[in-house]
Amino acid sequence: MNTIFEEIKDAIVDGDEDLAVELAERVIAEKADPVQAVQLGFIKGIEEVGASWISGEAFLPDVMMAADAMKAGMDVLEEVLAAGEGEGAYEDKGKIVLGTVAGDIHDIGKNIVGALLTSAGFKVYDIGIDQKPEDFVKKADEVGAKILAASSLLTTTMKSQKVLIEYLVEQNIRDQYKVIIGGGPTSAKWGEEIGADGWAETADEAVLLCKKLLG
Amino acid sequence: MLPKFDILTDEQINKIHENSMRILKEIGVEFSYDPAIEVLKKHGQRVEGHRVYFDPDFVKEMVAKAPSQFTLHARNPEHNLVCGGEDIIYMPGYGAPFIYEADGVKRDATMEDYDNFVKLAGASKYMHMTGGTVVEPTDVRDEIRHLDMAYSHIVNSDKCFMGSSSGYEYAKDTIEIAALLHGGMDVIREKPALICLINSVTPLKYDDRMLGGLMAYAETGQAMVIASLVMSGSTGPATMAGALSLQNAEVLAGITLAQCINPGTPVVYGSTSAVTDMSTGSLSIGNPENALFTSASAQFARFYGVPCRGGGGLTDSKTVDAQAGYESMMVLFAASTTGVNFVMHTAGILQYYMAMSYEKFMVDDEIAGMILRYLKGFDCESEEKMAFDVINTVGPGGHFLTQKHTRKNFKLEFYRPELSDRQSFDGWSKESLDTNQRAKIKWQEVLASYVPPALDPVVKEKIESFIEKRAKELLNK
């Protein structure tokens, strides 16, 4: 086996973004198999970190830096993968558009959820903070995501989660997406009230929820 | 009152202060609200977009304009409070959206809970004021929540309370209501009757809503807590010194803005900095690091000559158990013995500000009583207190139980717990109630026997018609 795949795995486990990019560029330059680079390198690394996190040995900085390194490296490989050489090689577990709702500028909780979803094999498109319903939909349509994940930290901005769902209903596209919500003041009851497809209190529960919804 | 102790050396204070000044000057702070940017521009600060780079000398000059203490006025002058100096002010928790019940049930907080906590604080001997946003009353539309909350504080107690800071408009409404209560805007301009909470968004940001609130309070001379909550490890550096420097920079930026708007307007240096649980990313507040941030903040407030807000009965526990007790005691004790003046979240909080609990309120009320007694320290002011004569009367081998000196003084000197159980095992085992169960009985008794102090019907009518008018306008917007 090409040792570069092992090096990629280690770079992900170390959360070394620069090295992950450098190795991905080497994969292209040396015409190594990008499919194997993904499966034996990036995915293997992120799975290892995810497992350590679940067992309590790894902490958030480990997981989040690994997710960032993976994203940076995969971005480099995206072109060769898309060019057909590795067609179908990297089957992500599903695409998710993630953002903090309109009026709210808190992003740490959302970032944690994004990292853990990435480490669980989902492809996460983080659209950032203070995002309107149309921003969620636009990104989802662009990338073909089926889950919209909306975060809110304030009791005063929770209603924007409701507005997101109302927007989908108005546009007659509610059945095209699963909407999940989270954030400090939210609850299962609130999720039911506004007709969300799911609610999670913590980031690891969000991973389980997405697996259930896309399973 | 006991002397307050320092936890930082002068050298450490200077290092952190200089670090904060460097953050303000070289990194700057983002203010999203244009009117705030205009104010700081006008005062000669360098502005790029929404980011303000502060001149350290200017910051020092503006912070020096803030009073070292001020009086907050209650509708009953007996409950007027001095904020600053040696004084300490306790009040209920702030902002929790949930209630955790004694049996572990979690539910949304309602306006009925709101009234109940205001009443419990009104009835308490140890809560100096009734606080603000004692829960988020989720059954009231948020356009008019600020009106109903202010009304609850006014009719259910005659102690001082906090007002809304949720944007300029809501803040103004609450200030109007306080003016009606106290006999006019001119009166409260002279004698501040409201205080609000302004939070930065760490790291280094203030949002529209908070800046609007800040400007409304500063313009009318009402008091405000300007606070930063650095979650060390996620929204701030994982080093204590780094996190404290960041917090300090944010709070000084807020105080500077308030003093630009209205020099001398009363402000309180606020801190709720704590740590991140590095496995889950959640905030964690019942820990020694929080106690250290709180004590260091009290010392920084003294250094800048302003009152300090921090600490509370803080815990990460989800129920009234040993963890809730020991964590809350640690943080409230640290706050109280190192010079915090204004303690939001003294009573009721569970799970890092997410929930209020009636039982926890009673536990914290007991903790507050114990600490207030501790703070009184020893009284050596009279011959009677030194007790030489009674020791002489009793002599070697006797006892003091039948001395008049004893009968008079134990009531003056000993703290009498209202929730703690001091019975024998047999006495306790008749019912075998733990603290949680005893607290549940206790708060129900307190609520059942509480009679809110009467309010002048003319004033009440004025406030009610103002609220009715505003509610109509806000709901029809």
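The figures that follow rest on heavy atoms only: side chains count, while hydrogens, waters and symmetry mates do not.
Within the 4.5 angstrom heavy-atom criterion, no atom of B:D208 approaches chain A. Heavy atoms of B:T280 lying under 4.5 Å from chain A belong exclusively to its backbone. Within the 4.5 angstrom heavy-atom criterion, no atom of A:E205 approaches chain B. Proximity to chain B (any heavy atom under 4.5 Å) is shown, for A:T202, by neither the backbone nor the side chain. Within the 4.5 angstrom heavy-atom criterion, no atom of A:I54 approaches chain B. Heavy atoms of B:E143 lying under 4.5 Å from chain A are absent altogether.
With a 6.0 Å radius and a threshold of 12 heavy atoms from other residues, nucleotides or ligands, B:K106 has its NZ atom above the threshold. Sparse packing is recorded around NZ of A:K71, with 12 or fewer heavy atoms of other residues, nucleotides or ligands lying under 6.0 Å away. The number of heavy atoms from other shown groups lying within 6.0 Å of CE (A:M65) does not exceed 12. Other residues, nucleotides and ligands contribute at most 12 non-hydrogen atoms within 6.0 Å of the NZ atom of A:K162. Environment of NZ in B:K172: crowded, with over 12 heavy atoms of neighbouring residues, nucleotides or ligands closer than 6.0 Å.
Atom CG of B:D207 and atom NE2 of A:H106 lie 7.5 Å apart (nearest 0.5 Å). Atom CG in A:D104 sits 8.5 Å away from atom CZ in B:R209 (nearest 0.5 Å). B:R141 CZ to A:K159 NZ: the interatomic distance, rounded to the nearest 0.5 Å, is 9.5 Å. One distance of note links CG of B:L283 with CD1 of A:I108; it measures 11.0 Å at 0.5 Å rounding.
Closest approach of A:T155 and B:P97 over heavy atoms only: CG2-CB, 4.0 Å. Shortest non-hydrogen contact noted between A:G184 and B:M354 is O-CE, 2.6 Å. Nearest heavy atoms, B:G281 versus A:I112: CA-CD1, 3.6 Å.
Two residues are said to be in side-chain contact when any heavy atoms from C-beta on lie closer than 4.5 Å; A:M158 and B:D142 fail this criterion.
Note on A:N111, A:I105, A:D62: by heavy-atom pairs under 4.5 Å with chain B, the leading option is A:I105.
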